[in-house]
Asks: 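First the structure, which I've put down as C-alpha cells, then a few questions once you've had a look.
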Amino acid sequence: MKRLIVFNFLIFGLFACKKTNSESSCKYDALPNSLILKITKNGKVLDDSILADCKLYYNEGLVKKYVNDFTFNNLEAQYKGRGLISSRRIGILSADYNIKTFYIEYAQSWPADTLSIDYLKPMPSNNCLYLQNAVNHNGVAAAVDSSFPFNSAVFIIAKP
C-alpha cells in the first residue's frame, strides 16, 4: 500500500510540474547598460551647452515621444566636456516595446540624426541581461570609441 501511495505521488508530481525557467522569463529584473553616444561635428565634440538641448525621441504614429533620460548630466565629472550623452531607457524601449528607430533632435536646427537601436530582452539563455545587439547611425553601423573605461560601448555620432 505504501508503494502505491509513493507511486501515485511520483506520477502526480510528474504531471503537475511545469517548466519554471522558460526562455521568456527571468527570476529578477535587469536594467540595460546605458547607450552612450559621443557626438561630434566636423571632428570636434559638441559642447555641453549644445548637448543640454539635445532631445531623443521616437515616433508613435504621428506623435513624437521623448525619452526623458537622454542627458549628459548623469556622467561622472571627468567625462564632462567630452561630447558624451547617454540613455538607459532606450534599451528598455528597444527590447521590451520593440521600438528600434530613434531620432536625436538638435536645438540648433541641424537635421535630426536617425538611430537604429536593437537590444535583446533578458532571457535565461543570455544570463537574464539586456544585450545590445546593434547601433546604427543614419543607416550605417556606428563606430566605437574604445578610449573610455565604461561597461558600455561609446558610439560615435559624427555630424558633418
Side-chain angles (χ1 to χ4, degrees), residues 21-160:
N21 196 14
S22 71
E23 282 297 310
S24 64
S25 65
C26 285
K27 294 190 185 279
Y28 59 89
D29 292 330
L31 289 175
N33 284 339
S34 293
L35 174 73
I36 303 173
L37 305 175
K38 177 181 176 180
I39 305 179
T40 64
K41 183 160 175 61
N42 297 323
K44 296 183 180 185
V45 297
L46 294 186
D47 291 335
D48 287 349
S49 62
I50 295 173
L51 292 174
D53 291 331
C54 289
K55 295 180 180 176
L56 181 70
Y57 70 92
Y58 59 94
N59 290 320
E60 193 173 272
L62 298 175
V63 177
K64 283 184 184 180
K65 297 281 190 164
Y66 288 94
V67 180
N68 59 2
D69 75 336
F70 190 59
T71 181
F72 71 97
N73 289 328
N74 56 2
L75 298 170
E76 296 176 25
Q78 72 253 31
Y79 301 112
K80 302 284 189 215
R82 298 195 56 194
L84 301 180
I85 194 164
S86 69
S87 170
R88 179 169 283 192
R89 180 141 175 76
I90 197 170
I92 295 168
L93 292 167
S94 173
D96 295 346
Y97 297 95
N98 202 32
I99 299 166
K100 306 296 183 185
T101 304
F102 297 85
Y103 304 92
I104 302 173
E105 184 177 82
Y106 301 93
Q108 290 72 17
S109 299
W110 298 337
D113 285 305
T114 303
L115 299 176
S116 299
I117 307 294
D118 186 28
Y119 279 77
L120 303 175
K121 281 185 175 189
M123 294 188 294
S125 62
N126 59 19
N127 295 322
C128 290
L129 299 173
Y130 284 90
L131 295 181
Q132 195 176 60
N133 194 29
V135 175
N136 291 312
H137 168 238
N138 293 336
V140 179
V144 174
D145 183 334
S146 58
S147 67
F148 295 93
F150 300 137
N151 290 337
S152 301
V154 175
F155 295 96
I156 300 169
I157 305 301
K159 298 188 71 55

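Small disclaimer: the values here were computed from a predicted structure and weren't measured. The figures that follow rest on heavy atoms only: side chains count, while hydrogens, waters and symmetry mates do not.
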Asks: Ignoring hydrogens, what is the shortest heavy-atom contact between G81 and D48? Give both atom names and the distance.
Replies: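 Between these two residues, the closest heavy atoms are N-OD2, 3.1 Å.
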Asks: What is the distance from atom CG of D118 to atom CD1 of I99, rounded to the nearest 0.5 Å?
Replies: 12.5 Å
Asks: Can you tell me if N138 uses its side chain to pair, donor with acceptor, with the backbone of K159 under 3.5 Å?
Replies: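 Side chain of N138 to backbone of K159: no pair is present.
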Asks: With rounding to the nearest 0.5 Å, note down the distance linking CG in D113 to OH in Y106.
Replies: 3.5 Å
Asks: Using atom types as modelled and distance alone, determine if a side-chain donor or acceptor of K100 lies under 3.5 Å from a backbone N or O of S94.
Replies: yes
Asks: Check K80 against F72 and note the closest heavy-atom contact, atom names and distance.
Replies: NZ-O, 3.0 Å
Asks: So, for R82 and K38, which heavy atoms are closest and what is the spacing to 0.1 Å?
Replies: O-CG, 3.9 Å
Asks: Kindly compute the distance separating CD1 (I36) from CD1 (I85), expressed to the nearest 0.5 Å.
Replies: 11.5 Å
Asks: Nearest 0.5 angstrom please: E105 CD to K64 NZ, how far?
Replies: 4.0 Å
Asks: Could you tell me if D47 and S49 have a donor-acceptor pair between their side chains, going purely by distance under 3.5 Å?
Replies: no
Asks: Set out, in order, the CA-CA distance, both residues' side-chain angles and the distance that settles salt bridge (Lys or Arg N to Asp or Glu O under 4.0 Å) for D69 and R88, then state yes or no.
Replies: CA-CA 7 Å; D69 75 336; R88 179 169 283 192; over 6 Å; no
Asks: Report yes if the side chains of F150 and N33 come closer than 4.5 Å at any heavy-atom pair, otherwise no.
Replies: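 Contact flag for F150/N33 side chains = no.
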Asks: Can you tell me how far the OG atom of S87 sits from the CD1 atom of I92, to the nearest 0.5 Å?
Replies: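 One gets 8.5 Å once the value is rounded to the nearest 0.5 Å.
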Asks: Do you know which two heavy atoms are closest between N42 and P160, and how far apart they sit?
Replies: OD1-C, 2.8 Å
Asks: In this structure, which one of T101, I157, N136 forms a side chain to side chain contact (heavy atoms under 4.5 Å, CB included) with L115?
Replies: I157
Asks: Over all heavy atoms of both residues, which pair between T40 and A158 is shortest? Give the atoms and the distance, please.
Replies: OG1-CA, 3.4 Å
Asks: Test I39 against every option in I50, L46, L84 by the side chain to side chain contact (heavy atoms under 4.5 Å, CB included) rule and name the one that passes.
Replies: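 Of all the options given, the one that passes is L46.
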Asks: Any side-chain heavy-atom pair from F155 and H137 closer than 4.5 angstrom?
Replies: no
Asks: Roughly how far apart are F70 CZ and I90 CD1, rounded to 0.5 Å?
Replies: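 If I round to the nearest 0.5 Å, the distance is 7.5 Å.
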Asks: For Y119 versus S34, what's the shortest heavy-atom pair and its separation?
Replies: OH-C, 4.1 Å
